[in-house]
Amino acid sequence: MFGKLINSIGVQENGNDSNKYERIETYAAEEEIMLTDNNNNKLQPKMAKDEDDIVNVKNIRDDMRKYVVACAIFASLNSVLLGYDVGVMSGAIIFIQQDLKITETQQEILVGILSILSLLGSLAGGKISDTIGRKWTIALACIVFQSGAAIMALAPSYQILMIGRLLAGIGIGFDIMIAPVYIAEISPSIARGSLTSFPEIFINLGILLRYISNYVFSGLPVHSNWRIMLGVGIAPSVFLGFALFIIPESPRWLVMQNRIEEARTVLLKTYDNTKEVDERLAEIQMAARIANADKYKEKAVWLEILNPSPAIKRMLITDCGIQSFQQISGIDATVYYSPTIFKDAGIKGNTELLAATVAVGFTKTMFIFVALFLIDKLGRKPLLYISTIGMTISLFCLSFTLTFLGDQRFGIGLAILFVCSNVAFFSVGIGPICWVVSSEIFPLRLRAQASGLGAVGSRVSSGVICMSFLTLSRAITVGGTFFLFSVISALSVVFVHTCVPKTKGKSLEQIEMLFQKGSELQVGGEIEMGDAECLVQRQ
């Protein structure tokens with residue numbers, strides 16, 4: 001699958017729309033290619049003039065493409081833990097209630113508090129990542145989360161379980177903020193959309209794995225099955241430990257620390273010629289000079305966020321708005337409480353309920369790959385339209401089914417279908433694109449902390465929805481609750497049309513200019529160059 005992805009990124013870079021782009025076939029042959037050996041020592045520049053040299057250049061580009069994809073995969077490993085934890089509670093809560101004898105209110109708090117607590121990690125993660133770097137903030141997120149997961153697996157009481165939930169929430173807050181930022185800062189812009197959606201892919205993979213583990217371990221004794229479900233999630237940390245020796249630091253963070261040569265070394269691994277590296281480095285240094293104008297003091301950063309200019313205000317509205325709409329349309333409630341939804345539809349046994357959730361997890365995971373292959377071809381905004389409109393229709397149909405066709409075999413089938421279609425449309429658009437947009441719209445001086453603020457909006461919205469779902473469903477029925485979600489989803493369509501700009505094919509620095517001008521940036525010949533081909537936009 002990821003092999004096809006690497007090839008797909010190459011296709012995206014070549015471009016398929018002959019009316020929009022023209023390909024410069026001889027660009028690589030005319031430019032100096034800076035080569036490095038396995039120890040990253042610079043070799044002598046070489047002119048790619050003959051056929052053999054062009055083949056060598058192509059091989060170098062393939063290696064660079066694979067390197068960037070590998071960095072994105074490793075940086076996203078923490079997201080498996082987030083997805084795994086989200087998925088586990090949908091099944092484990094059934095057995096935790098039976099084993100620890102917790103009340104319905106305690107169930108809502110246990111499920112929803114993770115999102116509320118994660119805002120602590122998101123708020124702190126921006127400053128921490130600016131201090132110790134993006135790479136080591138990813139490592140910190142893993143350590144904190146895994147500590148919480150271990151405590152939850154061994155918890156003898158509800159109180160200890162909540163302590164573990166506290167640590168897990170903080171770790172998740174770190175991760176949902178830093179992974180998209182890191183990937184956006186290391187990726188070429190022409191493939192940035194696909195690569196920045198990797199964390200969402202791994203979240204969905206974690207959810208699917210957890211649904212499967214719920215089903216597999218559900219037959220064990222009640223006292224031990226939910227503990228095993230929680231404990232299995234610790235395994236991915238081993239792979240992340242190895243990954244830290246492979247992935248580099250963000251070149252933009254390195255420039256902020258005035259480590260210019262290190263930043264240039266990283267860029268040489270992700271761009272295919274020294275001219276383009278120098279252009280990107282100059283852009284980053286210009287942005288960094290603005291960021292360092294106030295010596296990058298935390299007070300100055302937060303002062304700009306709390307008292308924003310018109311451009312920063314537009315960025316904050318876009319970020320916080322899309323993050324909040326992603327959650328208040330009910331996606332986490334759908335995932336966490338899918339057994340409750342299916343029980344309301346008429347499914348009775350625990351095993352059957354968990355089996356139905358596996359179908360939801362499988363659908364959510366498979367459709368994220370659709371977004372992965374389309375996000376840099378169609379762009380962010382068209383996929384957001386498809387996603388939000390599709391979710392609105394699915395949520396309305398689910399509401400109708402649960403209200404009028406519950407406890408019927410036909411109604412059960414339709415309920416499963418509409419839940420799956422809702423998560424499918426979510427995965428195609430607003431699920432991954434929310435994090436892509438959040439990570440690419442802010443200027444360098446604000447990116448980490450402003451992205452963390454957007455993540456807070458996401459986590460608070462998720463927590464409020466999850467902690468009130470059972471109470472709201474009891475008051476207006478499950479069908480009525482999903483009708484409310486469909487109305488909110490319809491409003492998200494209006495928000496996308498009004499507040500989300502088109503950022504496809506633009507560098508991070510160009511996107512900043514877009515918001516400053518308040519209109520679409522005319523990219524022209526300044527479009528960011530891809531790994532495999534250089535494109536010039538036709539006028």
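All heavy atoms count here, side chains included; hydrogens, waters and symmetry mates do not.
- To the nearest 0.5 Å, the span separating CG on Leu110 from OG1 on Thr103 amounts to 10.5 Å.
- You'll find the side chain of Ile201 stays beyond 4.5 Å of the side chain of Ser79, heavy atoms only.
- By the neighbour-count criterion of 12 heavy atoms within 6.0 Å, atom CZ of Phe217 is densely surrounded, having more than that number from other residues, nucleotides or ligands.
- If you take CE on Met467 and CG on Leu472, they are separated by 14.0 Å, rounding to the nearest 0.5 Å.
- Between Ile317 atom CD1 and Lys313 atom NZ the span is 7.0 Å, to the nearest 0.5 Å.
- Not a single donor-acceptor pair under 3.5 Å links the side chain of Ser387 to the backbone N or O of Leu383.
- Side-chain atoms of Arg134 do not come within 3.5 Å of backbone N or O of Ser250 as any donor-acceptor pair.
- Applying the ring pair (Phe, Tyr, Trp, His ring centres under 6.0 Å) test to residues at least two apart or on different chains, the pairs with a partner in residues 397-418 are Phe400-Phe404.
- In this structure, CD1 on Ile96 lies 10.5 Å from CD on Gln98, to the nearest 0.5 angstrom.
- Ile441 places a side-chain heavy atom less than 4.5 Å from the side chain of Asp319.
- With a 4.5 Å cut-off on side-chain heavy atoms, Arg380 and Val500 do not count as touching.
- Contact record, Ala371 with Pro432: CB-CG, 3.8 Å, taken as the closest heavy-atom pair.
- In this structure, Ser329 and Leu395 approach most closely via the heavy-atom pair O-CD1, 3.6 Å.
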* **From CA spacing to verdict: side-chain contact (heavy atoms from CB on, under 4.5 Å), Asp130, Met256** => CA-CA 9 Å; Asp130 285 340; Met256 290 292 297; over 6 Å; no
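- For the residue pair Asn225 and Leu220, the shortest heavy atom distance occurs at ND2-O, 3.3 Å.
- Within 6.0 Å of the OH atom in Tyr158, the count of heavy atoms belonging to other residues, nucleotides or ligands exceeds 12.
- Within the 3.5 Å criterion, the main-chain N or O of Ser489 finds a donor-acceptor partner in the side chain of Ser492.
- Phe362 CZ: 12 or fewer foreign heavy atoms inside a 6.0 Å radius.
- When all heavy atoms of Ile430 and Leu384 are compared, the pair lying nearest together is CA-CD2, 3.7 Å.
- Heavy-atom neighbours of Lys381 NZ from other residues, nucleotides or ligands within 6.0 Å: above the threshold of 12.
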* To do: Report the C-alpha separation of Val360 and Val335 in whole Å, then their side-chain angles, then the decisive distance to 0.1 Å, and conclude whether the side-chain contact (heavy atoms from CB on, under 4.5 Å) test is met.
  => CA-CA 8 Å; Val360 176; Val335 173; 5.5 Å; no
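- To the nearest 0.5 Å, atoms CZ (Phe174) and OG (Ser129) are separated by 9.5 Å.
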* To do: Quick one: do Leu398 and Asn422 satisfy side-chain contact (heavy atoms from CB on, under 4.5 Å)? Show the steps, please.
  => CA-CA 9 Å; Leu398 177 61; Asn422 180 48; 5.9 Å; no
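- Contact of the Pro443 side chain with the Met315 side chain is registered, since non-hydrogen atoms from C-beta on lie closer than 4.5 Å.
- Here the side chains of Val464 and Gln327 are not in contact, with every heavy-atom distance at 4.5 Å or above.
- The shortest heavy-atom contact between His223 and Arg227 is O-NE, 2.9 Å.
- Although no hydrogens or angles enter the test, the distance criterion places a donor-acceptor pair under 3.5 Å between the side chain of Thr365 and the main chain of Gly361.
- Looking at Ser438 and Ile322, their side chains never come closer than 4.5 Å, going by heavy atoms from C-beta outward.
- Across Ile347 and Ala356, no two heavy atoms sit closer than the pair CD1-CB, 4.2 Å.
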Report all side-chain donor-acceptor pairs from residues 475-487 shorter than 3.5 Å, counting only partners two or more places apart or in another chain.
| from | atom 1 | to | atom 2 | distance (Å) |
| --- | --- | --- | --- | --- |
| Thr477 | OG1 | Gly480 | N | 3.0 |
| Thr481 | OG1 | Thr477 | O | 3.0 |
| Ser486 | OG | Phe483 | O | 2.5 |

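- Between Ile132 and Trp253, the closest side-chain pair of non-hydrogen atoms is not below 4.5 Å.
- From Met152, atom CE reaches atom CH2 of Trp226 across 9.5 Å, with rounding to the nearest 0.5 Å.
- Of the possible donor and acceptor atoms, none in the side chain of Thr401 sits under 3.5 Å from a partner among the backbone N and O of Ala415.
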* **Steps toward side-chain contact (heavy atoms from CB on, under 4.5 Å) verdict (Trp136, Leu244)** => CA-CA 8 Å; Trp136 294 110; Leu244 293 173; 4.0 Å; yes
* side-chain hydrogen bond (donor to acceptor under 3.5 Å, both in side chains) between Ser394 and Ser421, worked out -> CA-CA 6 Å; Ser394 299; Ser421 67; 2.9 Å; yes
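- The side-chain heavy atoms of Ile412 and Phe342, taken from C-beta on, include no pair separated by under 4.5 Å.
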